[in-house]
Protein chains: 4
Amino acid sequence: MVEKRKRDSASDAKPVGKKRDAERTRLVIIQAAREEFAENGYDGARTDRIAVRTGMSKGVLYHYFNSKDDLFVAVLEDIYLELRSQNEALVLDDFEPEAGIRELIAHTYNYFVNHPEFIVLVNSENLMKSQHLERSQSVRSMFAPLSHRLGELISRGQEQGIFRANVDIIELYISIVGLGYFFLSNRWTLSVVFNRDLLAEGAEEKRLAHMTELVLDYLRNVKPMDGLK
Amino acid sequence: MVEKRKRDSASDAKPVGKKRDAERTRLVIIQAAREEFAENGYDGARTDRIAVRTGMSKGVLYHYFNSKDDLFVAVLEDIYLELRSQNEALVLDDFEPEAGIRELIAHTYNYFVNHPEFIVLVNSENLMKSQHLERSQSVRSMFAPLSHRLGELISRGQEQGIFRANVDIIELYISIVGLGYFFLSNRWTLSVVFNRDLLAEGAEEKRLAHMTELVLDYLRNVKPMDGLK
Amino acid sequence: MVEKRKRDSASDAKPVGKKRDAERTRLVIIQAAREEFAENGYDGARTDRIAVRTGMSKGVLYHYFNSKDDLFVAVLEDIYLELRSQNEALVLDDFEPEAGIRELIAHTYNYFVNHPEFIVLVNSENLMKSQHLERSQSVRSMFAPLSHRLGELISRGQEQGIFRANVDIIELYISIVGLGYFFLSNRWTLSVVFNRDLLAEGAEEKRLAHMTELVLDYLRNVKPMDGLK
Amino acid sequence: MVEKRKRDSASDAKPVGKKRDAERTRLVIIQAAREEFAENGYDGARTDRIAVRTGMSKGVLYHYFNSKDDLFVAVLEDIYLELRSQNEALVLDDFEPEAGIRELIAHTYNYFVNHPEFIVLVNSENLMKSQHLERSQSVRSMFAPLSHRLGELISRGQEQGIFRANVDIIELYISIVGLGYFFLSNRWTLSVVFNRDLLAEGAEEKRLAHMTELVLDYLRNVKPMDGLK
DNA sequence: AATGAATGAGGGTTCATTCAT
DNA sequence: TATGAATGAACCCTCATTCAT
């Protein structure tokens, strides 16, 4: 977890005390809340259990955050920030267009695989029609930089004549995300209705391969009249 | 609602009796519960409000269903049954392969557009790792017939040389569903992070067009060596 | 207590069952709440203790009343109604003017003596600047009939030449109430600052005698020029 | 505020030290607590808000006072002391008997008008049956000097033949206080039940005039046989 | 002396469920 | 069969007080 990096520097003057460290406590609470919200959704989460996870008393939650709602906002901001910082670690400029797309798909997918909390948190927020995210300044337009970089990658591919024209970047990005997200989010019901164990070993990798092929075939589909449209 | 059509005909052979009222009451409750669960998710739903929606007392709920959980199972079964009956109304055999795929994509997507409850209900169930659906006999393998028919459609396309080889039917179907489902389910948070109003007029149609192109380009991508694998 | 008269009639058809009697339960709750609020004030009162006093579970309070506030409104309405019904039992017309005033003073004072809850309840409400009473329709102008009757009594005395002119009825009534209310309300601190035990036997009667003399001397103070003003 | 005048003079003999700051901090806390208790009563008051009012941290409160209760005792002592010092500023000896009574009534009443906190504080303490005042040495018998001086005033009036005999000084003083206190304390509920705005401009002065007349008419009521009793 | 983070008992309120009628 | 009063565990949150720093 990102938070764990705190106080790693050996030159830190203060002793590594566990108590009375406000910033550290804030992070401990957000981490505990993330887990609880991720396991149970917003309505299913219990402030009592969040407190237990922190190892502190319940009152502390309200010392740092005013309400369950405010805490949920903080958790959402934290995890979106984390996702963005992971996205920024991916330098698409270094890749050839097709390889760049492969990287982006895999990178995005793997974030969800490694952070299953993200999916539950975001589903919860959509159930509530984004009422918490609306209150957050830090999340609005957060994905603009990434979609810009995706646009540049597509442009390079188009200039090289290997990618099709007429690509709506945001629709494309939603597809890239959705193809993995939906699978990971809905594995349980899908396993029942298709009678195929999508939680089994190998299922995740298989999905990634399929997704990648789907998106690349779409992009590579250069038609003679593309330049004319 | 689909359920309301049941048993309306006056020429029904059976005598009018209590059985029938009981069946009708069951449906009224399921309908009320579907709405409540759809608006609030499982944990956010309130049995009081379900009772109010039925116009009957709360005790009736417990007379017909033993618990909130059992009622949720009934609601899930009901809506999956509804989806299947809609799917069965779609006769893919009548179409040329490509047109058939277009029909299937549009039909599936439109069901979600017209039944937004489905998404919330299914997301809730996935949050709970399918614990209710596991108890249901009627839902298991429910989508086997449809994926079989999709397989036949793909085969026809392959035989005609217009569809690629090596298509995993279930992966493909999950993609067809997921490309629309994810968009419809996550419109609220996506609107925030991309700063684009995905709830605006026209956004739904635009999505369908993109999805259709994506899937068809994948399927049409016939390579010279396809036959050798 | 007034409520206790319920179900006294021998001809009551239904068996005197203790349970499942909504109207009775409402009264039980109001009575319990009156006691709790009277002993502790609004802020000091505990819904838990009210529940214990009713002998029922806490949830019942909220089945009948929506909140502590609403319950307090109901208690205020109930006790003001009780006071008014006691006031209406006092037929001032039957008395000579002076005797009528004596009756009114004693009657009012004795109500407070016998219902010490009234004072705490009303003090609590004044601390909160009447925010609950403002929401009540039944209490507004409740004392208009009584002040009207007091006005008639004064008029009779004035016509007989034994009462002074220029009497503001409401100011007078506030004095009649206040002279007793203040003593009864503030006995504890007054006992300390004057070092006289105002809770001792006989103190209440002594107060009543003093009050009565004070008011009557004021009213009887007929001056030669009263008729000219 | 009265307290602020303390220790302002630069010619103070004692050296400027920590003692003085401590004393000043005590007064700041008492002042803040007085406001908080006055606005919300004892149970409604919050130690957090008192701390905010002082501009200092909550720990300081507990450094100077051991508990909310102890702080309340200090506030009560402070305000009673203030009332007494105001009373002592009133030299009744300078007045003719009737004018002296007028002065006393107006002076007492005006203190309450200008210090509405007093009423809430004292009502709170009576709700708790004087449990805090019992612990205070400084308040016990605090009003003995004043009632002594009132007694002397009455005596002078009796000797001059203008005041009646048989006056219980304490009952009289309670009436003088109560006639104003009750009105000021209960204005909010009285306004509702009489449907007359007692918080309006002019209502306070009207009350004072009525009260004064009431008390003086009682005192002036010299009867022929007064000397014989 | 002063801070403010932390405590924990308990505050008002909610809610799935039961049960007398 | 149907009602809705009653239950009681639990929910989110508050608050006087303590204590490490």
Side-chain angles (χ1 to χ4, degrees), chain A residues 14-15 17-26 29 43-51 54-71, chain B residues 18 21-22 25 43-51 54 56-71, chain C residues 14-15 17-26 29 43-51 54-71, chain D residues 18 21-22 25 43-51 54 56-71:
Chain A
K14 288 189 213 166
K18 278 194 178 175
K19 295 201 162 186
R20 308 276 160 177
D21 182 337
E23 184 56 22
R24 184 191 187 82
T25 301
R26 250 191 81 90
I29 293 169
D43 283 312
R46 297 291 167 253
T47 56
D48 286 59
R49 286 197 297 249
I50 294 173
T54 63
M56 286 176 290
S57 79
K58 222 184 340 175
V60 178
L61 303 188
Y62 292 88
H63 186 74
Y64 286 86
F65 302 94
N66 290 317
S67 64
K68 190 183 179 183
D69 273 82
D70 284 4
L71 183 50
Chain B
K18 289 186 176 177
D21 291 345
T25 301
D43 283 310
R46 297 289 169 255
T47 55
D48 284 61
R49 287 198 296 251
I50 294 173
T54 63
M56 288 176 289
S57 81
K58 219 172 359 162
V60 178
L61 302 187
Y62 285 87
H63 183 74
Y64 284 87
F65 302 92
N66 290 317
S67 65
K68 190 182 179 184
D69 273 82
D70 284 5
L71 184 49
Chain C
K14 288 190 213 165
K18 280 194 176 177
K19 294 204 162 184
R20 308 276 160 179
D21 182 338
E23 184 56 22
R24 184 192 186 80
T25 301
R26 250 190 82 90
I29 294 169
D43 283 312
R46 297 288 168 255
T47 55
D48 286 59
R49 288 198 297 250
I50 294 174
T54 64
M56 286 176 291
S57 77
K58 220 178 350 168
V60 178
L61 303 188
Y62 291 87
H63 186 74
Y64 286 86
F65 302 93
N66 290 318
S67 64
K68 191 183 180 184
D69 273 82
D70 284 6
L71 183 50
Chain D
K18 286 186 178 177
D21 290 344
T25 301
D43 283 311
R46 298 288 169 255
T47 54
D48 284 61
R49 286 197 297 250
I50 294 173
T54 62
M56 286 177 290
S57 81
K58 220 175 354 165
V60 178
L61 302 188
Y62 286 87
H63 183 76
Y64 284 86
F65 303 92
N66 290 317
S67 65
K68 190 182 178 184
D69 274 81
D70 284 5
L71 184 49

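Just so we're on the same page: letters track the sequence lines, and every chain starts at 1. Here the structure is a predicted model, which means the values were calculated and not measured.
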- Task: Report the C-alpha separation of A/R46 and A/K68 in whole Å, then their side-chain angles, then the decisive distance to 0.1 Å, and conclude whether the side-chain contact (heavy atoms from CB on, under 4.5 Å) test is met.
- Result: CA-CA 9 Å; A/R46 297 291 167 253; A/K68 190 183 179 183; 4.3 Å; yes
Spacing between [X] atom [atom1] and [N] atom [atom2], to the nearest angstrom:
X: B/D43; N: F/dC12; atom1: CG; atom2: P; answer: 11 Å
X: A/R26; N: E/dA6; atom1: CZ; atom2: P; answer: 12 Å
X: A/I29; N: E/dA5; atom1: CD1; atom2: P; answer: 11 Å

[X] side-chain N/O to [N] phosphate OP1/OP2 under 4.0 Å:
X: A/T25; N: E/dA6; value: yes
X: B/T47; N: E/dC15; value: no
X: C/R46; N: E/dG12; value: yes
X: A/S57; N: E/dA6; value: no

- Interatomic spacing from OG in B/S67 to CG in B/L61 - rounded to 0.5 Å: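 Reported to 0.5 Å precision, the distance equals 11.0 Å.
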What pair of heavy atoms forms the shortest contact from [X] to [Y], and how long is it?
X: C/K58; Y: C/A51; result: CA-CB, 3.7 Å
X: C/T54; Y: C/I29; result: CG2-CA, 3.9 Å
X: A/F65; Y: A/D70; result: CD2-O, 4.4 Å
X: C/V60; Y: C/T25; result: CG1-CG2, 4.0 Å

- Task: Would you mind pulling out the nucleotide paired to E/dA20, Watson-Crick or G-U wobble, both distances under 3.5 Å?
- Result: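 Across any shown strand, E/dA20 pairs with F/dT3.
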- Item | Derivation and outcome, side-chain contact (heavy atoms from CB on, under 4.5 Å), residues B/I50 and B/L71 | CA-CA 10 Å; B/I50 294 173; B/L71 184 49; 4.1 Å; yes
- Message: Reading DNA chain E from 5' onward, which residue's closest nucleotide shows up sooner: C/R49 or B/D69?
- Response: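 Taking each residue's closest nucleotide, the earlier one in sequence belongs to C/R49.
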- Item | 5' precedence on DNA chain E between A/G55 and C/D48 (nearest-nucleotide basis) |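 Closer to the 5' end of DNA chain E: A/G55.
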- Could you check which residues of residues 58-68 of chain C get a heavy atom under 4.0 Å from DNA chain F? Sort them by number, please.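 Result for residues 58-68 of chain C: C/K58, C/G59, C/V60, C/H63, C/Y64, sorted by number.
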- Sugar-phosphate only, base, or nothing, as touched by C/A45 at under 4.0 Å among non-hydrogen atoms: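 Touches sugar-phosphate only.
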